[in-house]
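Notes follow the structure.
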Amino acid sequence: MSVPRKKLLEVRDLKMHFPITGGLLRRQVGAVKAVDGVSFDIYEGETLGIVGESGCGKSTCGRAVLRLYDITSGSIKIDGTEIGTMGQSALRRMRPKMQMVFQDPQACLNPRMTVAGIIAEPLEEHGKLSGKKRLERVYELMDAVGLNRNFANRYPHAFSGGQRQRIGIARALALNPRFIVCDEPIAALDVSIQAQVVNLLEKLQDEFGLTYMFISHDLSMVKHIADRVAVMYLGRIVELAERDELYERPLHPYTEALMSAVPEPDPAIEAKVERIILRGDVPSPSNPPKGCNFSTRCPKVMDICRKLDPEYREARPGHFVACHLHDAGIMNNEPSAGTTGATPRNEHKQQGEDA
Amino acid sequence: MPDGALPVLDVRNLKTVFRTRAGEIHAVNSVSFQLRPGELLGVVGESGSGKSVTMMSLIGLLPSPPAEVRDGNVMLGDKDLLKIGEDGLRAIRGRDVGFVFQDPMTSLNPVFTVGFQIMEPLRRHMGMDKARARKRAVELLELVGIPDAERRLKDFPHQFSGGMRQRVMIAIALACDPKVLIADEPTTALDVTIQAQIIELVKGLREKLGMAIIWITHDLGVIAGIADRVMVMYGGQVAEHGPVREVFANPAHPYTRALLKTVPKLREPRADKLRVIEGQPPMLGAHPTACPFRARCEHAFERCARENPPRREIGAGHDVACWWDHRTGEPV
């Protein structure tokens with residue numbers, strides 16, 4: 001990793017707000033700030049994991065990056081080309097480069113098309129292959145993802161969840177993309193099938209030099225597949241670092257709590273896990289709290305957190321975090337900061353409390 | 001847990017069949033287990049393993065037709081739940097046996113207030129009048145950690161968050177002090193931080209109230225953290241069953257062994273490549289005459305296709321249904 005790597009994707013201050021309309025005239029009365037100013041890079045050939053709980057904006061972020069939405073503001077550069085403001089017809093020419101694998105393989109495959117038809121569709125839309133060549137390419141793709149060629153004329157319902165996910169992956173690969181957003185690709189699969197799909201994604205990455213944005217709520221799986229990991233909370237990236245750095249030395253209290261909450265499939269380890277139980281629920285993204293978004297649930301909250309939004313900054317080389325605790329300038333001036341030295345590692349029994 | 005205590009629930013040889021146009025589907029095959037007072041039995045399995053159907057069969061929650069509980073005994077105390085009929089079951093559901101389902105939004109009635117839904121079993125089973133039921137409902141909401149309980153009785157389910165709704169479900173399930181609580185994937189629809197809250201709550205309630213719990217899940221991590229015993233199901237039957245530490249430390253069934261290796265662990269060093277269980281989960285069909293796992297099993301041999309292995313004891317309270325001996329690596 002010492003070689004300066006090439007940035008394939010550069011996202012700066014990306015915002016995706018969805019309007020809330022109300023009243024007789026359906027005027028806009030507010031906005032759901034699903035993604036509220038995120039910045040990150042994805043280097044060529046790497047996997048950036050995006051983790052967070054439901055509603056944190058991770059899927060919206062993935063879709064916005066591919067311009068499946070008209071973004072509210074910000075800049076998205078893929079391979080140096082700005083696509084944040086690009087029109088649909090220009091975007092269409094960019095599509096072969098960037099593809100997506102969806103969560104629910106049942107919902108994202110047309111039940112009335114055969115597997116061959118599904119995988120060939122992007123080739124028909126964007127390619128100029130003859131019918132025979134196209135079918136050859138479909139077979140090639142089916143081989144690459146481990147599907148039996150003989151099943152090319154079957155319909156999606158004849159396949160199991162794991163196999164359907166393979167069809168979705170083959171379709172995403174059809175146009176030789178460089179960048180694929182995988183939106184919870186294993187969440188709908190059985191435990192015994194998840195590893196098959198993850199290993200397939202890793203194999204394809206090596207074979208075709210793919211770059212992934214891997215969105216998931218499964219922190220254990222992201223630890224396995226990602227090179228760097230971003231943690232999202234309420235529309236923001238709260239922490240981003242190299243995988244080992246993040247999992248071994250998390251800086252943000254939310255990352256700590258999130259990791260401590262993951263159950264470990266080993267009773268001996270499980271008995272020793274010190275859990276940080278967060279109080280309450282995630283606030284509404286249409287009405288985020290004042291100051292730090294996490295201040296309503298943070299076990300280490302200070303006065304300043306309720307007033308001032310923490311800056312997203314590089315606390316250690318390559319390790320970004322948005323928290324006042326890791327801002328030396330703030331910590332030296334904060335009178336209550338001393339109390340946070342003793343990390344509240346004990347379990348917080350107070351539950352409930354609607355945020 | 002006293003080992004000698006009489007089980008609160010004793011299930012023997014349960015068989016559930018679905019009749020479809022394409023023929024019979026044997027979803028549960030000769031499942032037997034016991035639940036002792038105050039214990040938490042974890043049931044793990046993938047979709048189609050029969051874990052939910054087993055529990056639904058116990059208390060007659062499956063629509064019939066197509067479902068038919070064909071054989072077995074389900075003893076709750078001295079009553080056989082398969083023989084007491086619909087009226088008998090109705091008196092038991094919600095009173096002796098409480099339920100929590102996966103998705104609290106679909107199991108709560110959206111047009112009634114939460115208060116009404118908690119008071120319903122109290123008035124029906126316990127014969128309480130409105131005022132007493134109301135008082136108890138407030139206690140229950142406080143018990144499950146819902147702040148401002150008095151006021152929230154008037155709220156409808158949609159006014160609660162996912163985690164709070166699941167707390168309401170638990171309050172309803174606990175309303176009549178059940179002997180057995182069946183929780184079917186109660187935290188699967190929740191986020192990890194909310195799941196941690198609910199698990200913490202259930203652990204506390206168990207200590208306080210002492211009911212026995214059956215916790216169905218596909219998440220081995222959840223089981224490792226809360227269960228006393230674990231039952232691993234595959235293809236409609238019990239593959240392995242035993243004390244939770246024993247099964248995780250010395251898994252005997254090739255399926256359990258593979259499953260434990262295939263899940264990545266957060267607190268252990270990252271493996272270079274994930275171990276894979278090849279193949280697909282079995283399609284359920286006619287009564288199995290062979291081991292359902294044989295097609296995916298790395299130890300399968302000729303006998304596995306010929307005979308469905310019975311459960312055999314391999315340690316204190318630890319049994320496995322497999323023809324392969326994990327200690328010798330040879331057929332038994």
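Letters go in sequence order (proteins before strands), and every chain restarts at 1. The figures that follow rest on heavy atoms only: side chains count, while hydrogens, waters and symmetry mates do not.
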Please report the closest heavy-atom contact between [X] and [Y], naming both atoms and the distance.
X        : Y        : answer
A/Pro263 : B/Val222 : CB-N, 3.6 Å
A/Pro265 : B/Leu260 : O-CD2, 4.2 Å
A/Ile277 : B/Ala196 : CD1-O, 3.5 Å
B/Ile194 : A/Arg297 : CD1-NH2, 3.9 Å
A/Val191 : B/Glu46  : N-OE1, 4.0 Å
A/Leu278 : B/Gln197 : O-NE2, 2.5 Å

Using non-hydrogen atoms and a 4.5 Å limit, figure out which bit of [X] sits close to chain B: side chain, backbone, both or neither.
X        : answer
A/His224 : both
A/Val198 : side chain
A/Asp190 : both
A/Leu258 : both

pair [X]-[Y]: side-chain heavy atoms closer than 4.5 Å:
X        : Y        : value
A/Ile225 : B/Pro264 : no
A/Gln194 : B/Leu274 : no
B/Leu266 : A/Met259 : yes

A quick test of your reading: do over 12 heavy atoms of other residues, nucleotides or ligands sit less than 6.0 Å from [atom1] of [X]?
X        : atom1 : value
B/Asp272 : CG    : no
A/Glu207 : CD    : yes
B/Lys273 : NZ    : no

Query raised in the report: Counting heavy-atom pairs under 4.5 Å to chain B, which of A/Gly162, A/Pro267, A/Ala195 comes out on top?
Result: A/Pro267
Report summary line: Per-residue tally against chain B (heavy atom, under 4.5 Å) across A/Val222, A/Asp244, A/Ile193 peaks at A/Ile193
Atom pair [atom1] ([X]) and [atom2] ([Y]), whose distance is rounded to the nearest 0.5 Å:
X        : Y        : atom1 : atom2 : result
A/Arg279 : B/Thr193 : CZ    : OG1   : 14.0 Å
B/Glu200 : A/Arg275 : CD    : CZ    : 8.0 Å
B/His218 : A/Ser192 : NE2   : OG    : 11.5 Å

**Report entry** Which of B/Gly225, B/Ala249, B/Gly204 touches chain A most, by non-hydrogen pairs under 4.5 Å
**Finding:** B/Gly225
Which atoms of [X] are under 4.5 Å from chain A, going by heavy atoms: the side chain, the backbone, both sets, or neither?
X        : result
B/Glu268 : both
B/Arg296 : side chain
B/Val263 : side chain

Report task. Spell out, as yes or no, whether a donor-acceptor pair under 3.5 Å connects the side chain of A/Gln196 to the backbone of B/Ile277. Result -> yes
Query raised in the report: Is the backbone of B/Phe248 close enough, under 3.5 Å, to the side chain of A/Asp266 for a donor and an acceptor to pair up by distance?
Result: no
Report task. Test B/Arg267 against every option in A/Glu270, A/Glu274, A/Glu264 by the salt bridge (Lys or Arg N to Asp or Glu O under 4.0 Å) rule and name the one that passes. Result -> A/Glu264
